[in-house]
Structures are given as structure tokens and as C-alpha cells.
Amino acid sequence: MAKISDRRAGPALLLLLTAVVVAAACLSLFFGSVLLSPGDLLHNEILWQIRLPRVILAALLGLLLSVSGVILQGTLRNPLADPYVLGISAGGAIGAALAIATGLQTISVPALAFLTSLLAVYVVYKLSQVAGKTSPETLILAGVALSAFCAAVLSLIIIISGNLQAIYFWLLGSLSSASWLNVITVIPYALAGSGIAYFFSKELNALLLGEEMAQTLGVDVERTRLLLIGTASLMTAAAVSVAGLVGFVGLIVPHFIRLLIGPNHRLLIPAAALSGMLLLIVTDALARTLLAPTEIPIGIIMALLGAPFFLYLLRRRRVAGK
Amino acid sequence: MSALKIENLVCGYRPGKPVVNGVTFTVDDGQFVGIVGPNGSGKTTLLRAVVGLLPIENGAITIGSHRLEQLERRELARRIAFVPQLMEPVDGFSVEELVRLGRTPYFDRFSFEQPDDYDAVDWAIEELKIEGLARRQTTELSGGEFQRVAIARALAQEPRVMLLDEPTSHLDIRYQVSLCKLLRKLRSHRSIVATFHDLNLASRFCSRLVLLKNGALIAEGPPDQVVTPENIWKAYRLKVSVRKNPTTQRARYVLLP
């Protein structure tokens, strides 16, 4: 496939993507269990208090998950790394579920989710180290094992708290409880996280040559890795805290964009952020309308799309390795 | 003035088990130094220590007027560039994009490529005569072509010393010779230190040779002082005679029956 690597093609692509994202966001405002018409624009409660924060939150969720996918794949040098596969999401879910079950305030949900997701990423990273080296296979296996463990702990929390429906529906991944407060809570994570990722794109690019070559190019690999994995965990935690478990976004979007424009992170990060926004805006619009007035949790739609794509990637890698 | 000074260097992968044990030599500006020796003699380990990938247990490495350990990673990367024996191409990167990675140590946190950086990349690509490949994908190149791209990337770093680990080992003889000619030409800008398996090739093109065995220095100096039957016996346990190439006057060994 032709790669867009020209110095001028990058900004043009980003502008185009931005336009598409804005258009999709505007359009999706009108779809839902109640169809709105352009005439409702000015004085409609549903539009301003429910739809608009929800569309913005969907966009932010897409950005958080795809950028943290790019970061994790780049720093771990593993195309299969993503916050969901590595168990960071599941870890974050425990914190968020604990916060909900114990009736803590909304602000403390991301904070607790952050702590447990950091703990999860630390455990996975340590478990996957064999003789000081992290192999892609053990990393994935450690992530899967940890996810299973976290699922058990989650069930325990649900049973003990007796709040089955609220937590379970939330775990499926949904934006149905989106509010302006959620938007305000998540925005700092999205801005800071993608900013950090963007300004570390030279390190991520150098890592494409391998750890040692990156070191000979002046990159402090250990410090970069720590900072960036921390950033990705923070972003994942923020996403999990407002939308529950929405998987595979961090896997599908970066890979698709990488196939399209190549692995240069300076373009890859903004392009993946915008495409993630677009994907989630569209998916959430589908979630609201496909079975209206019933809502399909967005996590279910993403898993239906994402799991086959993940298998495709695994097979492609196997073939390429031969 | 010496670009690189190695004094009594001791280093290895595990404490107490040195792979390089007490090696001393200097590389002056504009020299092309070849490091030779049998397998496991510490050639690669020596290069890895100089580029900062391996801690120094004892002795000193001095680059220009700075001790290695005084230099920050980024400052070191502006002075020393490393071309490993096997570098992987980057899926999805063009040759130009890969060479541009060599400018990494010059970027500030909040800025990206400046006009200087593009100039350095263009210059490195011209020096390696790979202008025709600049837009090609790195994954499509032959081994010989990619080796030049890897060297162009190191050259774009504008280092004072360029280290190459067995740059000729995967090339056919035609590419071996053209690569050595190129390196000999490049040394007018940068000092070059490269490890070699082919003693005759190294003797033909290098300005100095360093012969190692079991991490220790056997001989060091101009090729005709290093490539001698006595030294080759010491390093390789091979009986050879040494002749001079009638045209180049360079020493080369011939196996005795």
C-alpha cells in the first residue's frame, strides 16, 4: 500500500480527518432514541444536556483509548499491546467498581481506577520479565491471566455490594450516563496525555529501531518507558472510569492508521487520536439507534468488531514471522 | 588530536568476568581503524562500551576532551554513532525517514526537524550514494543496500567517531570492497572504527589495525606492523606467510599448506 510520507501530506490528512470528525459529531447529535430535527437546535434539553456531552465524551474516549494504544505498542515494541489486552482496563475497572460500590464521589472514581490500573500494569510488566527481558508472548499471557483474575475480583465486589445491575451494565461499556461533569473530569487526561505522547514522538520513533539503537540515539529508554506507560495507564483509567470496559479501540485504530500512513509517531499520534474520536462517535451513534429505544452497550459493539480484527492481526504476524 | 582514547579498558556483561581486559589504543581524527581478532575476542563488546551500552568496570574512554561518563546520553549520541551488525528495517518507513532518525539527539523536547536537520539527512544520503533509494521502503531493500542506509543513518548523527560492527559480514565481495572504499572516503569527515573478520580486507583499507584475543591486545599499529606471521599465530594459531600487494603495498596473509 502507498504510504503517505510526504512532508506536506501529513497536515492535509489531519485537516481532512478533523473535518470528518466535526461533521460526524454534528450529525450524530440528531440520532438517538429520540430523533431530533435541525429546528430543535436552540432550545432542546435533550440536545444540550444529554446528546452534546455524550458525543463529546465518546470523542474523548476514542482519543484516550487509541492514543494509549499507540503509546503502549511503541514503548513495549509489541503490536499486540493495548490497554485492554494487557489487563490495564480490567485493573482500572476494579478501582472504579470499588468506588461505585462504596458510594464514593464521581471525582474519586477516576482516581481509584488510576491507582488500580497502575498496579495492574506494574504486575503485568513484572510478570512478563523473564531474565530481565520482556517477550511479547509472555506479556500478552500475563495480561490475559491478570484480566481473568481481575474479572473474579470484580464479580466478588458485585456480589458483596449487591449492586449487580448498575455495575454490570457499566462494565459492558456504555456512555449512557454521560454528563458534562464526566466531560470536564476526562478532558485534562485527554489533553495532557496526548500532549505528552506527541512530544515524546521522537523517542517512540527512535524505539522503532530497537531499545539499544534508541539508546545510542540519546534516548533514555527506561525513563521514557516509565513515563509513557504511566501516561497510557492514566489515560486508560480516565476512559474506564467514565465508560466502563470498552476494548480493542487501542488495537484497531493504531494498526489501521499505521497501515495507511506508516509508523512515524509524529503523524501517527494525531491521526490515531482523530480516527479514534471518529470511530467512537460513529459506534456510539449506532449503539443509540440500532435497537432504539433499547441501547446496546458500546463495549459490546467494539468487542464484536475488535475480536475478529485481533485474530486477523495475530495471524498476519505469524505469517510475516515465517 | 585524538578523537577517541581507550585506556586500560576493562568491561563485560557480568561483574568479575571481563570480556575486554585491559585494552589501550587511540583513534586520531580522520583515521579508519579496524578491530580484528578471532570470534569471542571482545571486538563487539569493545564497541558497545564505547557507545555507552555497556558499563565500564575499569579504565577510561575519552571522546575528544570529555570522559565518556561525564557526557549525557544525548551529548554522547552527538559524538558517537553506532551501526550494529544486524539492523532491522522498519516496516512502513522510507529510506529518508529512517535516515532522519539519526537526527534524534539534536531535537529539543518541544521542537522537531529544523532546516539543519534536513540538510544533514540529504548530505548523509548523498555521501552514501543512495539518492536513488531515498523514497523506497526500507523493507524492500537488499542486504547491501540496507547496510548503506544504516550507515547513512549513523552519518546523519554527524558524529565525531562512527563505530561499525562487522559492516561487511553479510555482503558479497563486490559490496565489501565498495563499502570499504566508501568508509575510507568518509573518514575525512569522521573517524571510523570498524570490526572485521576479513584480515586482508581490513589491512587493505584501514589506516590502523587493533588485533585482539581473549579481550587483550595482541598488536596495534599500521597494518603492515600488525599483519605479521607472529601476530597471526598468536591470535589465530594459524601458520601463514605475509606478502605485500604489489600495487597497494598493503600486507596480506596467505595460508601455508
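Just so it is clear, the structure is predicted and the values come from calculations on it, not from any experiment. Below, all heavy atoms of this structure are taken into account, side chains as well, without hydrogens, waters or symmetry copies. Per chain, numbering begins at 1; letters A, B, ... match sequence-line order.
- Remark: B/Gln85 CD is packed, more than 12 non-hydrogen atoms of other residues, nucleotides or ligands lying under 6.0 Å away.
- Checked by atom type and distance alone, the side chain of B/Arg109 pairs as donor or acceptor with a backbone atom of A/Phe199 at under 3.5 Å.
- Considering all non-hydrogen atoms of both residues, A/Gln215 and B/Leu53 come closest at OE1-CD2, 3.4 Å.
- The minimum heavy-atom distance between B/Phe93 and A/Asn205, with the atom names listed, is CZ-OD1, 4.5 Å.
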Quiz item: Between A/Arg266 and B/Glu113, is a salt bridge (Lys or Arg N to Asp or Glu O under 4.0 Å) present by the stated rule, with each step listed?
Solution: CA-CA 11 Å; A/Arg266 217 171 120 196; B/Glu113 286 93 341; 2.4 Å; yes
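- Here B/Ala77 is the residue among B/Ala81, B/Ala77, B/Pro89 with the most heavy-atom pairs under 4.5 Å with chain A.
- The number of heavy atoms from other shown groups lying within 6.0 Å of CD (B/Glu72) does not exceed 12.
- In this structure, B/Met87 and A/Leu209 approach most closely via the heavy-atom pair CE-CD2, 3.9 Å.
- Between the CZ atom in B/Arg73 and the OG1 atom in A/Thr216 there is a gap of 10.0 Å [rounded to 0.5 Å].
- Taking CD of B/Glu97 as the reference point, atom CG of A/Leu267 lies at 9.0 Å (rounded to 0.5 Å).
- For a residue to count as touching a neighbouring chain, one of its non-hydrogen atoms must lie under 4.5 Å from one of that chain's; by this rule B/Arg48 touches chain A with the side chain only.
- With a 6.0 Å radius and a threshold of 12 heavy atoms from other residues, nucleotides or ligands, A/Phe256 has its CZ atom at or below the threshold.
- The 12-atom threshold is exceeded at OH of B/Tyr13, counting heavy atoms of other residues, nucleotides or ligands nearer than 6.0 Å.
- Smallest separation of non-hydrogen atoms from A/Pro263 and B/Gly92: CD-O, 3.3 Å.
- The part of B/Arg153 that comes within reach of chain A is its side chain, from C-beta onward, which places non-hydrogen atoms under 4.5 angstrom from that chain.
- Closest heavy-atom contact between A/Met213 and B/Phe82: CE-O, 3.3 Å.
- Looking at B/Leu101, both its backbone and its side chain come within 4.5 Å of chain A, counting heavy atoms on both sides.
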